[in-house]
Amino acid sequence: MQAYIAEFTGNTVYFSGCDFNCGFCNTPEMLSFKEDFLIDIREVKQEIKNNSFKEILFTGGEPCLQRPALVELAKYSKKLGKKVFLHTNGSKPNALQSVFNLNLIDKIIFDIKAPFNENFDKVTKSQTFFKPSQDIMNDIRTSLDLLKQFDTEIEFRTLIVPSLMYRKEDLLQIAEIIKEYDCTWKLSKFNNNVNLEKKYNALNPPTDIFMESIKEMLLTHYPKLRIEV
């Protein structure tokens, strides 16, 4: 079996290819299915076997776009007694259903890049001629519903991007979505070093004070949330 793997090192496997095109993406080289990234997954298995880490993280790109390879590598990792962490944008509920049904995921890191409103496509730029934003948001909702059915550690992540994803109203809408989960919500600063759209290189990341103020505001409304900044 072959897969598009941008990099595999230590305890992390980076799948290439993504169905989102966030302008602030700091790994733009992983967004497409480049022929240079097509490899036999036996090489990845060997790397997983040789390393001494107790956890393996599958990230990207979007790992769930390559369901057969993800399932195979997760199975292999579990066979070796390793814990499997999956980092996903949640847009492929069928792939998530597969790995959950097989009890392959110990922790899921779930990006919620924007609330389910008119800003979603501004942030993700995921809409295509064949798939409107509403359908993509519905798929993510389905993935969120799946999390309620399985016993796995959950970490939600949202990137704070000046002028794009930072408004109180948007963050409160996300908080409303995740409030019923036993989870950690990690708010991170965007990185202006390498971005898909160069205009983001001119933006300064949020300050520590701004990040703490966001956390305090959210906890005022949702005191039971576990929020990290």
Side-chain angles (χ1 to χ4, degrees), residues 18-28 57 59-60 62 85-91 93 96 107-127 133-134 136-148 150-229:
C18 188
D19 50 345
F20 286 9
N21 289 282
C22 308
F24 49 83
C25 178
N26 62 3
T27 56
L57 170 63
T59 184
E62 175 47 57
F85 296 173
L86 173 62
H87 188 182
T88 181
N89 63 26
S91 66
L96 285 182
K107 178 178 179 178
I108 187 163
I109 301 166
F110 196 118
D111 284 335
I112 300 188
K113 295 183 179 291
F116 301 140
N117 60 23
E118 68 279 359
N119 288 330
F120 180 84
D121 197 62
K122 292 179 183 178
V123 174
T124 66
K125 296 191 174 180
S126 54
Q127 180 171 257
S133 289
Q134 192 59 54
I136 298 168
M137 289 187 281
N138 287 339
D139 284 341
I140 296 174
R141 289 187 181 97
T142 300
S143 293
L144 288 168
D145 287 340
L146 280 174
L147 298 187
K148 300 174 184 177
F150 298 91
D151 183 20
T152 187
E153 184 180 351
I154 302 170
E155 178 182 305
F156 291 114
R157 290 185 183 178
T158 301
L159 201 64
I160 305 302
V161 184
S163 78
L164 183 66
M165 184 57 218
Y166 69 101
R167 297 187 312 164
K168 171 182 176 180
E169 296 80 5
D170 287 335
L171 291 165
L172 286 173
Q173 285 190 44
I174 294 176
E176 182 66 22
I177 293 169
I178 68 173
K179 67 178 183 180
E180 57 193 281
Y181 294 86
D182 181 11
C183 67
T184 299
W185 186 16
K186 186 172 183 179
L187 304 176
S188 303
K189 303 177 183 180
F190 104 107
N191 185 335
N192 65 354
N193 290 336
V194 180
N195 296 280
L196 180 61
E197 295 180 18
K198 300 306 178 186
K199 67 179 182 180
Y200 289 101
N201 294 345
L203 292 179
N204 292 321
T207 65
D208 291 341
I209 293 175
F210 182 76
M211 297 296 291
E212 286 293 339
S213 69
I214 288 175
K215 177 180 177 180
E216 291 177 11
M217 177 275 295
L218 290 167
L219 289 175
T220 298
H221 292 82
Y222 297 91
K224 293 184 179 180
L225 284 178
R226 296 196 301 273
I227 303 175
E228 296 180 359
V229 296

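The basis for the numbers below is simple: all heavy atoms, side chains too, and nothing from hydrogens, waters or symmetry mates. The first residue in the sequence is number 1, and the count goes up from there.
The shortest heavy-atom contact between Ile174 and Ala114 is CD1-C, 4.0 Å. In this structure, Asp170 and Pro115 approach most closely via the heavy-atom pair OD1-CG, 3.5 Å. Leu219 and Leu225 make their closest contact through CD2-O, 3.3 Å (heavy atoms, listed as atom of the first residue, atom of the second, distance). Nearest heavy atoms, Tyr200 versus Phe190: O-CZ, 3.5 Å. When every heavy atom of Ser126 is checked against every heavy atom of Asp121, the shortest pair comes out as N-OD1, 3.1 Å.
Residue pairs meeting the side chain to side chain donor-acceptor pair (under 3.5 Å) criterion with at least one member in residues 212-223, sequence neighbours excluded: Glu176-Tyr222.
Taking 4.0 Å as the cut-off between side-chain N and carboxylate O, Glu197 and Lys125 count as a salt-bridged pair. A salt bridge is defined here as a Lys NZ or Arg NE, NH1 or NH2 lying under 4.0 Å from an Asp or Glu carboxylate O, and Lys107 with Glu155 meets this definition.
Side-chain contact check for Leu187 versus Met211: some heavy-atom pair is nearer than 4.5 Å. Between Ile160 and Ile214 there is a side-chain heavy-atom pair separated by less than 4.5 Å.
Checking Asn192 against Asn201 by side-chain atom types alone, no donor-acceptor pair falls below 3.5 Å. Looking at Glu62 and Thr88, their side chains do bring a donor and an acceptor atom within 3.5 Å of each other. With hydrogens and angles left out, the side-chain atoms of Asn26 and Asn193 include no donor and acceptor closer than 3.5 Å.
In this structure, Phe110 and Phe156 have perpendicular ring planes: the angle between them is above 60°, well past the 30° mark.
Evaluation of the side chain to side chain donor-acceptor pair (under 3.5 Å) rule for Glu228 yields no partner, not counting sequence neighbours.
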